Structure formats: structure tokens, C-alpha cells
Amino acid sequence: MYGIDGVDLGIDGIVMFCATLYDPSHDFTCLDGSEKIPFSYINDDYCDCKDGSDEPGTSACPNGMFFCRNIGYRSHYIPSSRVNDGICDCCDGSDEWATGTNCTNNCYELGASAREEAKEKHDIQQRGYQLKLQYSEQGKQSRKEKQEKFEILQRERSEIEAVKLEREALKEAAEIPEKEALEKHRAMEEEIRSQRQASEKQKRDEEALAAFEQLDSNQDGVLTSDEIMAKPIFDQNGDGLVSEEEAKFFLSGQTEMTREEFLNTGFVLMKPYLTHEEEVASPPPSSTVTPPAEGGELPEIPEGETDEEEEDFDHGEADHDDRTEDSEVLPVEETLPYDPETQKIVDEAKAARDAYNEADRRLREIERDLKNIEDSMKNDYGPEEEFSPLHGHCFEFTDREYTYKFCPFDYASQRPKHGGSETRLGQWGHWAGPENNKYSIMMLEKGVQCWNGPQRSCKVHFTCGVDNVIMSASEPNRCEYEMNFVTPTACAPPTGSPDDLLAHDEL
Amino acid sequence: MRLNRNCLFFILSFCYVKGVDKGNFKSCEQSSFCKRHRATRETPSAYIADLKSLSLHKERAFIDVINVEANIPLTLEIIALHNYAFRIKIQEKNGLRKRYQVENALVREPETAPIILLEKKDDHIVLGLDAVNRMVIQGNPFRLDLFNKDGHVITMNGRGMFKFEHYRTRKTLPEEIPMEHNPETDSQIEPLDAEEVQQTSEEPPAEVPVNNDAEETEPGMWEEDYKSHHDSKPYGPSSFGVDLSFPGSNHVYGIPEHADSLALRDTLNGDPYRLYNLDVFEYELWSPMALYGAIPFVMAKGKEGAVGVYWQNAAETWVDVRDVPGGGVVSSLMKLVSGGASEPGPHKEVHFISESGLMDVFFLLGPGPKDVLQQYTGLTGVTPLPQMFAIAYHQCRWNYNDQEDVQFVHENFDKEDMPLDVIWLDIEHTDNKKYFTWDPIKFSDSLGMMKNLSDKGRKLVTIVDPHIKRDSNYFIHKDCEANGFYIKDTNGKDFEGWCWPGSSSYPDFFNPAVREYWKEQYAFDKYHGTTKDVYIWNDMNEPSVFNGPEVTMHKDKLHHGGWEHRDVHNIYGMLVVDSTFQGLMARGENKLRPFILSRSFFAGSQRYGAIWTGDNGAEWGHLQVSIPMVLSLSIAGMAFTGGDVGGFFKNPETDLLIRWYQAGAYQPFFRAHAHEQTRRREPYLYDETTKDIIRQAIRQRYALLPYWYTLFYENEKTGIPPMRPLWLEYPKDSDTFALDDVYLLGDSLLVRPVTESKATSVKVYFPSDESAMTIWYDVETYETFTGRGYKSIEVDMYKIPVFQRGGSIIPKKLRPRRSSVLMQHDPYTLVVALDEEGKASGTLYIDDGESFDYREGKYVYGHLDYQRGKLSFRFLDAGRYSDASWVERIIVAGLRLKPHKIFAQIQGTKDHVELDFKYEAKMHILTIRKPKLPMNYEWHLQFY
């Protein structure tokens with residue numbers, strides 16, 4: 001009742017070809033040679049051999065293996081710990097021979113669906129592998145092109161380096177006379193400018209005195225608020241009156257102003273209004289025909305101008321009225337034209353400089369291109385360059401909360417689905433698969449640091465498929481992400497028929 | 001003396017600044033009542049017992065005790081208890097307010113015994129349980145002395161530290177009381193209660209300045225602040241404390257939970273041990289700081305015997321421990337009445353200080369340590385036999401993300417052929433931390449997930465915490481709010497605190513209606529998506545209140561019956577678990593044994609299930625301290641405990657994880673757990689060697705399940721825990737009294753886990769009987785170690801130093817399975833280890849492993865005995881279980897001579913069946929091959 005009789009039951013739980021080792025006519029030697037036991041001890045539900053070889057059909061040995069024959073499906077071993085534990089592990093139910101557990105034999109169903117699955121898998125593998133070959137072709141082509149381009153660029157680089165050196169010499173040669181000529185020219189300009197400034201000041205003072213005389217109604221040499229208030233031109237807020245406040249403004253906060261003060265400060269404040277004196281006679285701005293720039297805007301106060309720089313460009317044309325031009329009467333710095341000789345020297349120097357810059361820019365361009373090619377050639381695109389076409393493409397996957405992005409040989413990122421910024425999970429690091437399957441995992445590392453934690457990283461598992469698709473993305477450890485990426489690049493060459501994908505042939 | 005201590009305090013406080021967590025919890029100095037009681041030292045007692053007031057009843061006596069300074073009469077009630085114990089209660093004779101009498105801790109009202117008046121003199125009275133076990137009450141100064149067969153064993157108030165702060169009315173205006181100014185908190189002191197001002201202002205104002213009552217002016221008497229928290233203390237001071245010394249005892253144990261050595265240390269130069277249930281983040285090791293649970297029970301160990309004191313109080317309690325140099329305890333009077341008790345040598349003294357409640361003390365007179373345990377568990381109960389799965393291996397993590405993750409985890413255990421019984425789901429499995437719900441997307445098909453687990457004999461544990469999310473769409477919250485089930489604020493409104501879900505309220509489990517309500521929530525038609533294979537984890541039940549003082553509830557919050565949280569704090573966690581237990585009983589019609597894990601606990605919590613040592617860390621020190629912590633819990637009645645394997649916080653190095661699995665496999669509750677921010681560490685994730693070592697460790701646990709199960713059954717019967725300090729079995733071996741690295745499982749296995757990094761050998765202390773030399777057998781090699789003392793044992797990474805006692809028989813099941821349920825019908829291996837005289841014995845308990853049928857007699861409890869060539873199995877009682885399995889192997893170690901033949905005879909048959917066996921002469925080991933002995937019958941083997 002507690003054990004089974006080995007002879008009656010036959011040798012259960014072992015592979016057919018091993019059966020020869022179990023010969024009922026002889027004593028049994030444990031497969032590890034450790035012990036010799038009577039044959040009746042085989043499968044008698046007591047563990048005699050250290051390696052478990054005397055109990056292939058029972059749970060007696062802790063390290064034993066039970067062979068599920070599973071006719072119709074895949075045969076396989078299960079640990080002895082699954083034998084007679086009340087759970088059907090073999091599809092033929094053979095592991096529950098003593099427990100009375102009601103196991104249904106579903107090996108044929110499983111076999112059929114496994115065959116179906118294997119066929120599908122085989123099909124995918126075949127198609128995927130074809131694509132992989134194409135990728136590989138492209139990759140090799142691309143490497144060849146890169147190599148060629150690299151060589152061309154290298155040649156170009158040495159050429160342009162020579163050119164650059166040559167032009168640098170020319171540039172330096174042309175710049176010596178230019179420097180001298182320009183120094184001479186600037187000295188001349190300076191002299192003319194100081195002369196002009198003196199005469200301008202004189203002109204302005206005269207203008208100011210004239211204005212003062214005109215404003216100083218009572219000609220007492222002192223400008224009072226009353227005098228200011230009598231001049232409608234000073235009506236800043238357009239209410240038709242010059243208020244005391246407004247007057248005070250022009251008098252720099254005082255109630256009166258001497259001639260001298262007027263020359264120094266008052267004139268500057270009043271000048272814009274004085275020059276517009278004639279216009280005062282015309283109707284107020286509100287009734288002009290031209291549309292107002294901005295509704296109800298007050299006439300500009302000079303100081304307000306600085307803010308204009310910050311104005312949004314969005315306001316567009318409507319904003320672009322003429323007041324800017326009006327108010328910013330910039331004293332155009334009059335420059336002295338070069339004399340023909342200087343002009344010639346300057347032009348020559350500029351041409352030399354331009355030529356040099358052009359060569360320098362080109363060289364840097366070439367160097368950048370070279371570095372890019374070099375970097376990309378350094379990437380491990382696989383033994384057959386099959387991963388190369390993936391470079392430059394990105395793939396996305398969206399789950400409940402995030403959209404994940406994977407750009408092979410570049411980076412991986414995560415973005416909350418409902419707004420928020422993208423977080424880098426890592427940048428291309430290296431292939432990290434096990435020794436025998438190095439290209440099955442791509443490691444992206446040195447992503448954004450987690451708060452109070454490590455830098456993020458992302459492991460991408462590559463498995464065979466016809467399309468390049470991210471199947472899943474998760475964060476099994478804090479800040480360590482994983483993605484499953486299905487791609488033709490991971491398809492191994494299909495071998496023979498679909499059945500070969502099944503582990504054993506006992507279907 | 002005092003100055004010194006204060007200086008030390010200053011230095012310590014200074015150090016606290018560095019420790020991030022320690023600063024969040026009170027020192028004695030910051031807890032006004034503790035400070036006041038500590039200051040009682042070295043003063044003569046202000047209390048006298050008025051012996052003339054003795055009123056003697058059949059099983060109890062009453063005597064007035066008077067505070068002579070304040071002239072406040074107290075009543076001392078003495079109750080004689082069955083099984084060698086006295087209980088005393090002290091409270092105001094005419095108290096202004098009733099004191100809280102702890103409920104729910106005792107398993108039932110203790111059985112009383114007749115009290116005998118042995119002697120009545122003017123200055124003392126002697127009351128006895130019998131002529132030997134007696135109590136002497138001394139009048140002036142008031143003091144109690146207890147005697148058992150070993151003589152004078154306990155003194156109460158021998159050093160005059162008894163202090164009882166009676167309820168009183170406040171005399172002075174609160175403003176007049178000088179406050180300790182704390183710039184950080186002063187601005188946050190709440191305005192005074194209008195009523196209080198009203199009351200106090202009735203006093204004549206002229207009296208205020210002349211009031212010099214120290215109790216009035218002492219800070220912290222009528223209100224107290226800690227950090228930004230205010231304790232309104234409407235009832236004023238109510239604390240009490242007293243010294244208890246144990247003449248002849250140099251070691252005291254107990255008062256868990258502390259991350260400290262098993263033997264309590266002298267606390268004179270630091271803080272006392274604190275009992276106040278708190279959620280402590282990254283707790284400190286080797287510290288008297290309070291942790292998640294509190295059991296106010298101490299056991300004092302003398303040269304041979306032991307006595308215990310159970311201080312039944314649920315308020316904040318501090319316990320000072322002192323090494324007394326000797327002398328001074330036995331007064332001349334004592335010499336007179338005790339029949340020649342000599343001046344005691346150096347011994348231990350403890351000083352219990354509680355903030356409020358009734359003074360309710362049990363003196364347990366032993367006389368041996370096991371007797372004390374039986375007395376204590378007789379009062380507070382035992383852990384009922386758990387289901388088999390509960391003592392198997394548990395896999396937990398905060399969190400397994402979704403049902404696919406759960407599937408992935410147990411599939412991988414199967415792939416690696418590692419046994420696993422239970423998967424756990426932490427808080428994230430719920431719908432937004434609303435307990436009793438599931439995340440609708442991640443666990444959309446919990447029943448499907450459960451089926452996959454159940455198909456493999458596995459269980460699931462889900463977390464249910466007592467803080468309730470204040471979400472108006474959450475049914476529990478709606479019910480609790482509508483029915484007034486929450487703990488109340490001082491203003492009578494529902495208290496709102498902060499916990500995992502954010503704003504939360506806390507059901508008041510002191511209200512019987514709340515307990516009933518909580519119980520109902522576990523019904524399968526209420527807690528949707530659960531099955532009989534879902535069990536429960538009650539965490540955060542201290543209760544944890546993130547924004548409360550010391551991360552818990554304010555003491556002035558109000559419970560059912562008008563009790564302040566202050567009075568009941570340490571019981572809250574237990575009542576949560578009590579309700580859960582009732583719920584699990586009810587949902588399965590009382591058929592299956594509940595399993596509940598709790599973090600918080602109190603005396604009596606052992607009746608509901610397991611507790612674990614909280615949020616430990618992945619450090620060697622935490623692994624080391626897990627042993628004394630579990631031992632300390634074990635000898636305080638908590639039989640079913642363990643620490644998080646691997647350490648909750650931080651990432652364990654691989655060797656630490658391995659050693660932790662090996663240690664955890666030999667502790668009662670065996671669960672791996674990890675914090676959310678740690679790396680995954682399920683054992684299948686490691687390299688082949690590591691996987692193999694951990695697989696072996698887990699399998700060793702499973703192999704010993706029959707032994708563990710028997711120990712748990714015996715614990716239910718006797719109160720003796722499965723995991724034991726050596727002195728529980730070797731009470732006379734004084735070298736065992738302070739060991740923290742070695743322990744016994746039952747009385748037969750000596751375990752010394754490797755808890756040191758890179759150890760190549762460990763020193764193991766082997767205890768021995770004095771009469772005969774005990775032989776210890778290495779359980780793997782059967783190498784023997786004889787005699788008392790330390791031996792060095794070599795260890796590689798696989799080695800767990802475990803030794804079987806010569807003289808014992810241990811039942812095992814050596815066939816690995818995916819889960820314990822699947823082992824139910826597997827056969828036994830009996831390991832018989834012979835002692836010096838060639839004898840051995842043991843017990844084996846068998847039942848269905850899950851139901852309460854064993855209480856109907858459906859079990860087998862048998863005695864295995866080997867002597868003089870005969871091994872027999874005899875039933876110890878009337879229990880019968882027909883489904884018991886059989887014996888496939890018997891190993892006899894230490895058998896000097898090879899038998900010629902061995903015959904088996906099964907009771908009820910006449911056949912003498914000859915058995916196969918093998919004998920290894922070099923190791924003296926006999927292996928009987930497949931004796932096919934059925935354990936539902938008695939049988940015996942005869943060796944010829």
C-alpha cells in the first residue's frame with residue numbers, strides 16, 4: 001500500500017533508452033556508482049542511491065527526476081518532488097500514479113496546440129530571419145558606406161587642413177596692412193567727431209535759449225509752473241489741461257526753474273513737446289482717422305520706451321506703428337567713408353579672412369562627420385551588422401500610465417501619458433546578454449538619477465518577431481526598467497521543420 | 001549621584017542630534033511622569049500600610065495604604081490565585097476618577113485560590129497560598145515580600161520608590177505654572193479650555209501666589225508638550241511606580257519589545273526600557289527604546305529557579321533595571337519572619353513606572369522558569385496551533401505589483417524547486433490604500449490568481465491596516481463615520497490623522513460594536529475576491545499616525561467609555577488583531593484556523609497569531625539581534641515570532657541574505673520581506689551556488705515541519721514556546737543565562753546560526769545536564785560533542801550549526817515538495833539520537849494541518865521511546881487520526897553495537913515483520929530501511 005512493487009509496475013519514470021540500465025536480472029548499481037542494491041529496490045519508494053537513480057518513478061529521493069512520457073506531447077523530466085503530490089504535472093497524469101488524483105490525459109490536445117504554436121513560431125522565425133538577413137545586408141552596406149565615407153572625409157580633412165594653413169598665412173599677411181590703415185582712419189574719424197560734438201552742443205544751447213525765452217512768458221529769467229501750465233503742449237494725459245502735476249514734472253519736481261537749470265535738465269524733458277508744437281493746433285489724437293494702436297492707450301511717456309524691447313512678437317503688425325521710429329531718433333553715428341586706398345586694403349583683408357573662415361568651418365564639419373561615423377562604427381551592431389538598421393529609429397510602448405520610448409543605440413525614456421516631461425531611463429551602454437547569447441539584452445544606462453536613489457537604467461530584452469515592437473515595459477526594481485522588444489534581428493536561423501522546435505520527438 | 005546622571009543626560013541628548021530617528025522619540029527626561037518617578041530614588045517611602053484595616057475574605061484581602069505626606073488613602077487588594085500566584089491591585093480609596101482596568105489581556109478571569117492568614121502581627125501580616133508560597137505585608141514603611149520554596153524571591157517597595165499620583169483637582173491657574181520654554185513649540189500651545197479656566201478661577205486669587213505645592217508647580221503635571229504636540233492632560237497626573245527586587249536573581253528577562261540582549265541590562269546610565277507601542281523608522285540596535293509592541297512581563301532568574309511579575313497596564317510604561325550590589329533588602333524584620341533568609345548577595349531590581357490606569361500586578365512564584373511561563377500563559381493565554389502553512393516559508397515584498405507578478409514569483413519558486421507556502425501582498429495591492437479592496441486593474445482577477453496559488457497548496461496574505469482613508473466613497477469610512485466608530489478628538493469630533501492613504505481616521509476597537517463591525521468585513525461576501533486561502537496581515541496598529549506625537553495617537557484622544565488614549569494605548573494593536581481573528585473564524589464557520597500577522601502587540605496577543613520584529617534593516621547587527629528579540633518575545637508568551645529575512649530596509653549582500661535564510665529557517669515565523677526601494681531579492685534571482693544554499697536552508701525548514709508542528713501543539717498545551725533560551729532547559733547552568741547567539745528548538749535541537757560576516761568558524765556553547773554528560777550530534781554529520789562549554793565549529797556557506805541532543809527523537813519529512821500542504825501524506829523519518837545510557841525519547845503530533853478538528857480529538861499525539869533495544873510508539877492520549885502517514889526511515893545515532901535482526905510489530909497485528917537495515921560501524925549509525933510503520937497505530941521495534 002505504501003510503496004509500489006518495482007517488478008509489477010515496470011520501470012516507471014525513466015527514459016526508454018535508459019531502461020537498459022535497469023536490468024531485472026541483475027543487482028542495480030546506482031548510476032553514480034555509489035551503491036549496489038538488489039533490483040527489487042528499484043522504485044520501491046525508498047531512496048537508496050545518493051543520486052536518486054534507484055527511484056525514477058517515486059518521490060523518495062530529494063534529487064531525483066521523473067520522466068513524463070507524455071505520448072502525444074513533449075516528453076520531459078520533472079523533479080521527483082512533483083511525483084504523487086496530488087497535482088497533475090505530466091499531461092498524461094503518470095506522475096500521480098499512487099494518489100488517486102483525477103488527472104485527465106490532455107497530451108494530444110497539448111501536442112496539437114504545441115505543434116500549432118511551433119509552426120507559428122517557426123513561421124515567424126523564418127520570416128524574421130529573412131528580414132534579419134536583409135538587415136544584415138543593409139548593415140554591412142551601411143558599414144561599407146561609412147567606411148568609404150570615412151576614408152573620403154579623412155582625405156578631405158588632410159586637404160582642407162593644408163588649405164586652412166595656407167589661408168591662415170594669407171589672412172595674417174593681409175591683416176597687418178589693414179590694421180595700420182584702420183588705425184590711421186580711426187584717428188581721423190575721432191578728430192572729426194569731436195569737432196562735430198562741439199558744434200552740436202552750441203547749436204543745442206542756442207535752441208534751448210530760444211525755447212526758454214519763448215516759454216518764459218514774463219521774461220524774468222525764471223520759468224514758473226504758471227508759465228508751463230499756460231502751454232497746452234504740455235498736456236501729457238490729453239485732458240486738455242496742463243495740471244500742476246504735469247507742470248511739476250517738467251520742472252523736475254520744482255515750482256520754478258532758472259535758465260541754467262532749463263539748459264541742463266528742463267529742455268531735455270520739454271524738447272519732445274516743443275518740437276511737436278505745431279501739431280498741438282490739430283485735433284486731439286482720439287479723433288484722428290488712423291486706427292489707434294491699442295485701445296485707449298495714453299500718449300507715451302519717454303521712459304516707457306524701455307519696456308518695448310520685451311514686447312511679444314505675437315502682436316505682429318498691428319503693434320508695429322510708427323511711434324518707435326518717432327521716439328527713437330537715434331543719433332546716427334556718422335562714419336567717415338574709407339578712402340579708396342584703405343577700402344582696398346580692408347576689402348583684401350576681409351576676403352582673406354572669409355576664405356580662412358570657410359576653410360576652418362569646413363574642417364570642423366568634416367571632423368564632426370568623422371567623429372559621428374567613427375562613433376557609429378564603434379557601435380557593436382552584431383556579428384553580421386544585423387542591428388545596424390535599428391540605429392536611428394525609435395519605438396514606443398504605452399501602458400496605463402506611461403509612454404515608453406526605445407531608440408536602439410541611443411536612449412530609452414518614459415513620459416507620463418497625461419502630460420509631464422520625458423525622463424531618460426538610460427543611454428546606450430552595451431550588450432548585456434549571457435555569454436552564449438550576448439545580443440539578447442541591450443543595456444541602457446546612466447539615465448536620470450532617482451530621488452534618493454541610483455541612476456535609472458533600462459534593460460531591453462530582444463526576442464524574435466517579424467516586426468520591431470516593444471511588447472512590454474516595467475520597473476521590476478526601483479529605477480531599473482525592463483522592456484521586451486520583439487524584432488527580426490533576434491531571429492535565429494530556422495532549422496528544418498517546425499517539429500524541431502519541440503524538445504523531443506515523441507509526439 | 002543625581003548630578004552625574006543629569007550630566008550624562010546632557011551628553012546623551014547631545015548625541016541624539018546625530019541620530020535621525022532617536023530625536024523623534026521621547027527620553028525619560030522628556031516624559032514628565034517618568035522623570036518624576038526616577039527622581040524618587042534614594043528617598044524613604046512616604047507610604048504606610050494600615051495593617052489594622054485588614055479585611056480578609058476567602059480568596060482576597062484588602063488593606064489601606066496611606067500616603068502620609070498627602071494623607072491620601074489607597075486600597076491594596078490582594079488576590080490569591082490558583083497555580084502559585086498572587087495578584088495585587090492598588091488604587092485610590094475614594095478616587096476622583098476611575099482608573100482603567102486592562103481588559104482583553106487575560107484569557108479569562110483568573111482562577112482564585114483560598115487565601116491563608118499565616119501570621120498577623122502589629123508590624124506585618126503574612127498571607128499564604130500554602131505554608132511556603134506566601135506574601136509578607138509590612139506596615140511601616142509599606143512593603144511586600146514574596147517567598148516560594150527557594151525562599152525570599154521578590155520584594156516590592158524595598159527601596160521605597162513606591163509613588164502613586166492620585167487624581168486631584170487643579171488648584172492654581174495654569175498660567176501661574178512655570179513652563180519649560182521651548183521656542184519651537186511655545187507658539188503652538190493651544191488656548192486653554194474655557195471650562196478649565198472657569199473652574200480654576202473660582203479659587204480665591206489671593207491663594208495663587210502662596211501655593212507652593214510641588215506637584216502643582218512641577219512642569220508636565222497638567223499639560224505637556226513634546227515637539228509641536230500638546231497633551232492637554234485634563235485629568236492631571238495619575239502615574240504610579242514601584243521598585244521590585246529579586247533577591248537571589250542576577251538576571252531578568254522579558255518586557256519586549258526592544259532591540260536588545262535577552263538578559264536586561266542595567267539602565268542607570270541611560271534611559272529605562274520603554275514600553276509604548278511605536279512605529280519606529282529604522283530602529284536602533286542594542287537600545288532600550290520602545291518598539292512596536294509591549295509586554296509588561298519580567299522573569300527573574302536565580303541560581304536554579306525563577307519568578308515572574310506581570311505588570312498589567314496598557315499606558316506608557318518605563319522600566320529601570322538595576323544591578324544591586326547586595327545587602328539592604330532584607331530588613332531585620334524580614335529575617336524574623338522569613339525563617340532565616342540571609343542577606344541577599346548581588347541581585348537585580350526593576351522599577352516599573354506607568355502613566356495611568358490601575359496598578360494591577362501579578363506575582364508568579366515559579367519556582368522554575370517553565371513554571372513561570374505556564375503561570376503567565378495560564379493568565380494571558382497561548383498561541384493556538386497554527387495551520388501547517390503558517391510555520392512554513394513566506395515570501396513577502398512591498399510590493400508584488402500585480403497578479404502577473406504574483407504568478408511569476410511562485411512559478412519561479414517552482415522552477416527552482418524551492419518550497420514556498422505563502423505569498424504576501426503589501427499596501428499597494430489595494431485600491432488607493434483602502435483596505436478590504438483590490439486595485440481594480442492590477443488585481444482585476446484576484447480569484448483567478450487565488451486559484452493558481454490554491455492549486456499548488458499555497459496561500460495568500462493581504463494587508464489590512466487600521467487607519468481608514470477619509471474618502472466619502474469608501475464604504476468602510478462611510479460606515480465608521482455614520483456610526484461614530486472612530487476615535488474622537490478632545491472636541492468630540494472624529495480624529496483625523498495622516499497615514500498611508502493620506503487623511504485617515506482610526507476605528508475605536510474599544511467599542512464592541514466596532515469589533516463586531518470589523519469582524520464582519522472579512523466575510524467572503526464582503527471582502528470580495530478573497531477565498532479561504534487568503535489570510536491577514538494587520539500592520540501599523542500601534543497605531544501609526546504619521547503626524548502624531550512620536551508617530552502615534554495623541555494621549556488625550558478619546559475612546560469608547562470615555563477612556564483617554566493614554567490609558568489604553570498599548571492594547572489598541574491587540575484589539576485590532578482580536579477583531580480580525582474573530583472575522584477569520586466567522587467567515588469559515590469556525591472550521592479553519594486563522595492566521596494573522598501583527599506588528600503591534602500586548603500581553604495576550606499570542607492568542608491571535610504571529611508577530612514579527614518590524615522594520616529591521618539588511619545589516620549583520622539586525623540579523624544578530626533577531627535572536628535575542630525572538631527569545632525575549634518567546635519567554636513573554638509570544639511563541640510565534642520572527643524577523644524579516646534579509647532585512648526590510650536596504651539591500652543585503654548575498655552572504656548576509658544566505659545567513660539570514662539559514663537563521664530564519666530555524667525561527668518560528670519564517671518570512672522574507674523587503675522595502676519598496678530595495679532591489680528584488682527572491683532567492684531564485686541569485687547565482688547557482690546561492691540558490692542551492694538557500695534551497696537547502698528552506699528545505700531544512702520543511703524537513704523539520706513535523707517537529708515544529710509538534711512543538712507548536714505542545715506550546716498550546718503548556719505555554720512553553722518552541723524557541724527557547726538555553727536556561728529554560730538547563731536552569732542550573734549559569735553560563736547559559738546571558739547568551740544571545742544560541743538557543744534551543746524544543747528541548748532537542750541546539751541552534752547557533754552564523755550571524756557574522758565571512759565567518760569560517762563559530763563558537764558554540766553546548767549546555768549539559770549536571771548529572772550526566774549531554775551528547776550533542778551534528779544533525780548533518782552525526783559528529784558528537786560531549787560536555788559543557790564552548791567548542792569551535794567550522795562553517796562553510798552551506799553550514800548551519802544545528803545539533804540534536806543525545807536522548808531525543810526528532811520526526812522529519814525528508815521529501816521536498818512545493819508547499820507544506822503537499823507533504824501531508826509524505827512518510828516520516830525518525831532520527832533517534834542516543835544519550836550516554838543509550839536511551840532516547842520524543843513526541844510527535846499529527847493532524848490534518850489546517851482545521852479545528854483536532855479539538856474534536858482528530859489527531860495523533862504519541863510518545864516515541866528507545867531503550868534497551870526497543871523502539872516504541874505509544875499514544876499519549878485519546879486523540880486518533882486515521883489519515884496519519886507512515887515511517888519510511890529510522891536513523892539511530894550513537895548505537896554502539898550492530899543488531900543482528902530487527903522486528904516490527906504493529907498494534908493489532910500478530911506479525912513480527914523483519915526489517916532491513918544498514919549499520920555504519922565507524923559512526924555508530926543504524927538506518928532502518930522502510931519499516932512501513934503507520935503512525936495511526938501504536939507499534940514497537942525490537943532489536944536483537
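All values reported here derive from a predicted model rather than from experimental measurement.
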Residues A:Asp45, B:Glu888; criterion side chain to side chain contact (heavy atoms under 4.5 Å, CB included); working and verdict:
CA-CA 9 Å; A:Asp45 207 16; B:Glu888 66 168 335; 5.7 Å; no
Apply the side-chain contact (heavy atoms from CB on, under 4.5 Å) test between A:Asp85 and each candidate in B:Lys456, B:Arg818, B:Arg815; give the one that qualifies.
B:Arg818
Using non-hydrogen atoms and a 4.5 Å limit, figure out which bit of A:Cys47 sits close to chain B: side chain, backbone, both or neither.
both
Please look at B:Arg699 and chain A and tell me whether the side chain, the backbone, both or neither of the residue comes under 4.5 angstrom of a heavy atom of that chain.
side chain
Take a 6.0 Å sphere around CD of B:Glu653 and say whether it holds more than 12 heavy atoms from other residues, nucleotides or ligands.
no
Should the heavy atoms of other residues, nucleotides or ligands under 6.0 Å from NZ of A:Lys417 be counted, would the total exceed 12?
yes
Test item: side-chain donor near acceptor, A:Arg478 and B:Thr678, under 3.5 Å:
no
What are the two closest heavy atoms between B:Arg817 and A:Ser59, and how far apart are they?
NH2-OG, 3.1 Å
Side chain / backbone / both / neither for B:Asp916 at chain A, heavy atoms under 4.5 Å:
side chain
Under 4.5 Å from any heavy atom of chain A - which part of B:Thr927:
side chain
Using non-hydrogen atoms and a 4.5 Å limit, figure out which bit of A:Arg82 sits close to chain B: side chain, backbone, both or neither.
both
So, taking the atom named OG1 in A:Thr99 and the one named CG in B:Leu822, what distance separates them when rounded to the nearest 0.5 Å?
10.5 Å
Here the gap from A:Ser81 atom OG to B:Met418 atom CE, rounded to the nearest 0.5 Å, amounts to 12.5 Å
Might you confirm whether atom OH of B:Tyr684 has over 12 heavy atoms from other residues, nucleotides or ligands at distances under 6.0 Å?
yes
Sort out for me which residue in B:Arg929, B:Lys930, B:Lys918 forms a salt bridge (Lys or Arg N to Asp or Glu O under 4.0 Å) with A:Asp48.
B:Arg929
Which one of B:Asp414, B:Val821, B:Asp455 has the most heavy-atom pairs closer than 4.5 Å to chain A?
B:Asp414
Is it true that atom NZ of B:Lys812 has more than 12 heavy atoms of other residues, nucleotides or ligands lying nearer than 6.0 Å?
yes
At their closest point, which heavy atom of B:Leu814 faces which heavy atom of A:Pro62, and how far apart are they?
O-CB, 4.3 Å
Proximal component of A:Ser474, with respect to chain B [non-hydrogen, under 4.5 Å]:
neither
Is atom NZ of A:Lys446 surrounded by more than 12 heavy atoms (other residues, nucleotides or ligands) closer than 6.0 Å?
no
